[in-house]
Number of protein chains: 2
Amino acid sequence: MNKLRTVIVDDHPIVIEGLKTLLSNEDNLEIVGTFSNGAELLSYFNSNPVDLVLLDVTLPDIGGMELCKLVKEESPDTIILIVSNHTERSIIMQTIQNGANGYLLKNSSLDELRQCIAEAVKGNICYSKEVMEIISRPTKNELRGIPQLTRREKQILYMLAQGKTSQNIAQELFLSSLTVDTHRRNLMQKFEAKNVAELIAAGHQQQLL
Amino acid sequence: MNKLRTVIVDDHPIVIEGLKTLLSNEDNLEIVGTFSNGAELLSYFNSNPVDLVLLDVTLPDIGGMELCKLVKEESPDTIILIVSNHTERSIIMQTIQNGANGYLLKNSSLDELRQCIAEAVKGNICYSKEVMEIISRPTKNELRGIPQLTRREKQILYMLAQGKTSQNIAQELFLSSLTVDTHRRNLMQKFEAKNVAELIAAGHQQQLL
DNA sequence: TGAAAAATACCTAAAAACCAGTAGAAAAAA
DNA sequence: TTTTTTCTACTGGTTTTTAGGTATTTTTCA
């Protein structure tokens, strides 16, 4: 196993130095670059392989959310760990939805950081303790964000995820395929999805599948 | 919160009695039926609401796997907990893929059972301790089952999950849409998926998304 | 350096999905 | 018993996907 080629992206020099120092003695990773904004990261990223990105959410130019997406599109295997001060549940969830592999607060200990990296390498999503607490208490507002599906819609979502076509489903449920299409459309609207692919992805992210 | 309308499906009368007795003092659930095969369950299920199914994998008629699917298609909210003796990883994973919400071995304690039900009600998938151990040590054979994707394929899978069309992706990556189509086809072949919906679902189940 | 794997690109045609709107019947909630 | 929601179904059209192929050019790596 090679050392993880690691970069740090944060607009606070102190944080960069802090992380750098903390991680300087880790023998499973190597810090190959530090950047104070998104553009710098992207330009480096275009010509160099990166295994691990420690990323702040608030950056002067491109937001951390957007960066997550861009990085993951370019290189889905690159691990992104968010290191941020934001404690809002919605922000945490959003970063994960955009492809981040974990979320830490800036006051995390080296141990937590180490552990998160290890988990992320294994392919798991990992939160520091405090973050874990935040996300494990759901809010009403949060719930409002999850589309409320009718029984039929859930059923059809479920069958879609199994690769069934509208006609298949219509036959199995003794419906017109036009009806199934309508449900499907309503589902896509509720999830703000452009097509089935996104619908299924959203369903999974919402833990409905 | 009403009591969970619970049914037990197992072809061993002893197991049925055992579970019944174990759960008789639980005040959050009520056993409304016990069946010794799949057909019985289905016929009951067609005319009665069921919140929780305790299901054996090996049944004389319809397999537990198939039952999972059928039940979930009819009523995605119904919780299915597998109570089985099978310790093969592949079987465990398959039941979960077919929609089961948890997997217990028959030697589980009442406590574990209770806990599993509670977790499943929360929407989590839950395994008893021993099962947890089994599934947390991946085998080589297991790994072979996970499609090996090329970088490009992963990238395109990722973008598909965001609802992008082949053309969208082609534009973003400066490719011909025909190329993207080919990748997409190869992806579907590797995942044995019939269409994007199933592809994305499989990607999620394989933790690639 | 040579073979294998990956990435790229093309053709055709049918099938399926998607868009935008409407609307009646049934069931659930007020 | 209204009102609202859910489920149902339709028209008519456009776009995208999918299924059969084939085939060249890069990379990668032994």
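Naming convention: chains lettered A, B, ... in sequence-line order (proteins, then strands); numbering from 1 in each chain. Both backbone and side-chain heavy atoms feed into the values below; hydrogens, waters and symmetry mates do not.
Nearest nucleotide to the side chain of A/Arg185, out of C/dA20, D/dC7, D/dT18: C/dA20. Taking the side chain of A/Val196 as heavy atoms from C-beta on, and the options D/dA19, C/dC18, D/dC7, the nearest nucleotide is C/dC18. Comparing atom distances between the A/His183 side chain and each of D/dT8, C/dA17, C/dC10 picks out D/dT8 as nearest. Closest approach to the B/Asp181 side chain among C/dC19, C/dC10, D/dT18 is made by D/dT18 (side chain taken as heavy atoms from C-beta onward). Of the listed nucleotides (D/dT16, C/dA9, D/dT8), C/dA9 has the atom at the smallest distance from the side chain of B/Thr179. With C/dC18, D/dT16, D/dT18 as the choices, the nucleotide that has an atom nearest any side-chain atom of A/Asn195 turns out to be C/dC18. Out of C/dA9, C/dA7, D/dC10, the shortest distance to the side chain of B/Arg152 is found at C/dA7. Closest contact between the side chain of B/Thr165 and the listed nucleotides D/dT18, D/dT16, D/dT8 involves D/dT16.
The existence of a salt bridge linking A/Asp27 and A/Lys3 is excluded, since no basic side-chain nitrogen approaches an acidic carboxylate oxygen closer than 4.0 Å. B/Arg184 and B/Glu153 are not joined by a salt bridge, as no carboxylate oxygen comes within less than 4.0 angstrom of a charged side-chain nitrogen. For B/Arg5 and B/Glu30, the salt-bridge test fails: no basic side-chain N is under 4.0 Å from an acidic carboxylate O. A salt bridge between A/Lys164 and B/Glu73 is present, with a side-chain N of the basic residue lying under 4.0 Å from a carboxylate O of the acidic one.
Rounded to whole Å, the distance from NZ on A/Lys190 to C1' on D/dC7 is 11 Å. Nucleotide C/dA6 holds its P atom 10 Å from the CG atom of B/Leu149, rounded to whole Å. In this structure, CG of B/Leu187 is placed 14 Å from C1' of D/dT18, rounded to the nearest angstrom. Atom NZ in A/Lys164 sits about 19 Å away from atom C1' in D/dT18, given to the nearest Å. At whole-Å resolution of the value, CD in A/Gln189 and C1' in C/dC18 are 13 Å apart. Here the P atom of nucleotide C/dA9 and the CD atom of B/Gln171 are 14 Å apart, to the nearest Å. Residue A/Leu175 contributes atom CG, which lies 10 Å from atom C1' of D/dA9 at whole-angstrom precision. If you take CE of A/Met188 and C1' of D/dT16, they are 12 Å apart, rounded to a whole angstrom.
To the nearest 0.5 Å, atoms CD1 (A/Ile169) and CG (A/Leu160) are separated by 4.0 Å.
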Task: Worked check of side-chain contact (heavy atoms from CB on, under 4.5 Å) between A/Lys154 and A/Leu157 - done: CA-CA 5 Å; A/Lys154 279 185 203 170; A/Leu157 175 62; 5.6 Å; no

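Residue B/Thr182 is classed as a base contact, given a heavy-atom separation below 4.0 Å to a base.
Looking only at atom types and distance, the side chain of B/Tyr103 has no donor-acceptor partner in the side chain of B/Thr95 under 3.5 Å away.
A donor-acceptor contact under 3.5 Å is not formed by the side chain of A/Arg184 with the base of C/dA17.
End-to-end axis angle of the helix from C/dT1-D/dA30 to C/dA30-D/dT1, from C1' rotation axes over five pairs per end: 80° (rounded to 10 degrees).
In terms of position along DNA chain C, the nucleotide closest to B/Thr150 lies nearer the 5' end than the nucleotide closest to the other residue of the pair B/Thr150 and B/Leu178.
Between A/Phe35 and A/Tyr44, the two ring planes are tilted [angle within 30° to 60°].
Put simply, A/Gln167 has no side-chain N or O that comes within less than 4.0 Å of OP1 or OP2 on C/dA15.
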